[in-house]
Amino acid sequence: MELLTPDILAVFSGVLIGLTLGLIGGGGSILAVPLLVYVVGVGSTHLAIGTSAFAVAVNAAFGLAMHARAHTVKWPCASVFAGSGIAGAALGAWVGKMVDGETLLALFGLLMIGIGASMFLRRSDGGDPDVHLDTASAPRLLPPLAGAGLSVGALSGFFGIGGGFLIVPGLITVTAMPILNAVGSSLVSVTVFGLTTSTSYALSGLVDWRVAAFLIGGGAVGAFLGQRLAGRLSGEKQLLSKIFAVFVIVVGLYVTGQGVVALL
């Protein structure tokens, strides 16, 4: 039975990640690495990053399919952002593998604190539903889309995260699209960045495919439950987002502390 424990914990972690994604529309992937390290017991930070990156990419692809059917994806903008980020994600993953695990955990914790703070302070915005990338808007939109995609891709690859909470604000800032379109469009980048990062780590033997499979399976169950709960708690979504933001900050403080202690 002891041999099943990591598998059960991986499924549980996947459910928690998927539940968060389905309930508040993002944030689950930022928990993947800490869950794999501290709950599942993956011994290597780099192995946890490679494994979580693959699982997040697969779960994001499922989410993207649902958003595509709902026509909430701004494909031209999303494609430029994701395409520019591929090089950034590959570079970030390459650099990340050269950083020792304790330093990486400490930096990851700091990133969690920053993302949690931005989630807590973020306000909803109506946006411009008609924004689109074409020959007329290309001179205005292409440079910032490419630049933001490259930067976010690098962070995503370095830390092995989907980066949704970095991508969504980036898309809104550059294009002023509504948040629903930004969430749907961000999943193109989350999928691409995750596959790029996990491929880099897989080539170095740093993906635990068994754990990834259980994480993905649990994530599918969690996403289904989260979507059901989201319908019932739609009026409390902003409150839930703020509660989750505080949780991310607390976990970030813990992860940073653990990384710093390990370095001393």
Side-chain angles (χ1 to χ4, degrees), residues 17 20-22 24-33 49 52-68 70 72-93 96 108 111-112 114-125 127-128 131-133 141-198 219 223 241 244-245 248:
I17 293 167
T20 304
L21 289 168
I24 64 173
S29 63
I30 196 70
L31 297 177
V33 172
I49 288 175
S52 69
F54 178 73
V56 166
V58 173
N59 284 332
F62 288 134
L64 176 61
M66 290 188 288
H67 275 274
T72 58
V73 181
K74 297 278 189 180
W75 287 104
C77 292
S79 299
V80 171
F81 196 101
S84 302
I86 291 176
L91 178 61
F108 188 86
L111 180 70
M112 290 185 72
I115 290 176
S118 69
M119 290 167 59
F120 188 84
L121 297 172
R122 189 177 66 193
R123 299 177 180 177
S124 58
D125 189 356
D128 178 11
V131 67
H132 59 280
L133 180 64
L141 292 179
L142 265 180
L145 274 171
L150 182 65
S151 301
V152 172
L155 288 172
S156 177
F158 185 77
F159 291 109
I161 60 173
F165 273 107
L166 298 173
I167 299 165
V168 171
L171 285 171
I172 292 174
T173 300
V174 171
T175 68
M177 68 175 63
I179 190 168
L180 180 62
N181 294 113
V183 170
S185 301
S186 75
L187 291 173
V188 177
S189 295
V190 174
T191 303
V192 170
F193 296 171
L195 289 176
T196 302
T197 302
S198 61
S241 295
F244 181 72
V248 169

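Residue numbers count from 1 along this sequence. Remember, it's a predicted structure, so these values are computed and weren't measured experimentally.
For the atom pair Leu150 CG and Phe81 CZ, the distance stands at 10.0 Å (nearest 0.5 Å). The distance from the CG atom of Asn59 to the CZ atom of Phe54 is 10.0 Å, given to the nearest 0.5 Å.
Although no hydrogens or angles enter the test, the distance criterion places a donor-acceptor pair under 3.5 Å between the side chain of Ser198 and the main chain of Leu195. Lys74 places no side-chain N or O within donor-acceptor distance of the main-chain N or O of Asn181, the cut-off being under 3.5 Å.
Smallest separation of non-hydrogen atoms from Val73 and Leu64: CG2-CD1, 3.9 Å. Between Ser52 and Val33, the shortest heavy-atom distance links the atoms OG-CG2, 3.4 Å. Across Ser156 and Thr197, no two heavy atoms sit closer than the pair O-OG1, 4.0 Å. Val56 and Ala32 get closest at one heavy-atom pair: CG2-CB, 4.5 Å. Between Cys77 and Leu133, the shortest heavy-atom distance links the atoms SG-CB, 4.0 Å.
Scored by the side-chain hydrogen bond (donor to acceptor under 3.5 Å, both in side chains) test, Thr72 finds His67 as partners (sequence neighbours excluded). Shown here are the ring pair (Phe, Tyr, Trp, His ring centres under 6.0 Å) partners of Phe158, two or more places apart in sequence or in another chain: there are none.
In this structure, the side chains of Leu171 and Leu145 come closer than 4.5 Å at one or more pairs of heavy atoms.
Here the options are Val152, Val188, Leu155, the test is side chain to side chain contact (heavy atoms under 4.5 Å, CB included), and the partner is Phe193; only Val152 passes. Just one of Ile172, Leu187, Val190 meets the side chain to side chain contact (heavy atoms under 4.5 Å, CB included) condition when paired with Ile167; it is Val190. A side chain to side chain contact (heavy atoms under 4.5 Å, CB included) with Thr196 is found for exactly one of Leu91, Thr191, Ile86, namely Ile86.
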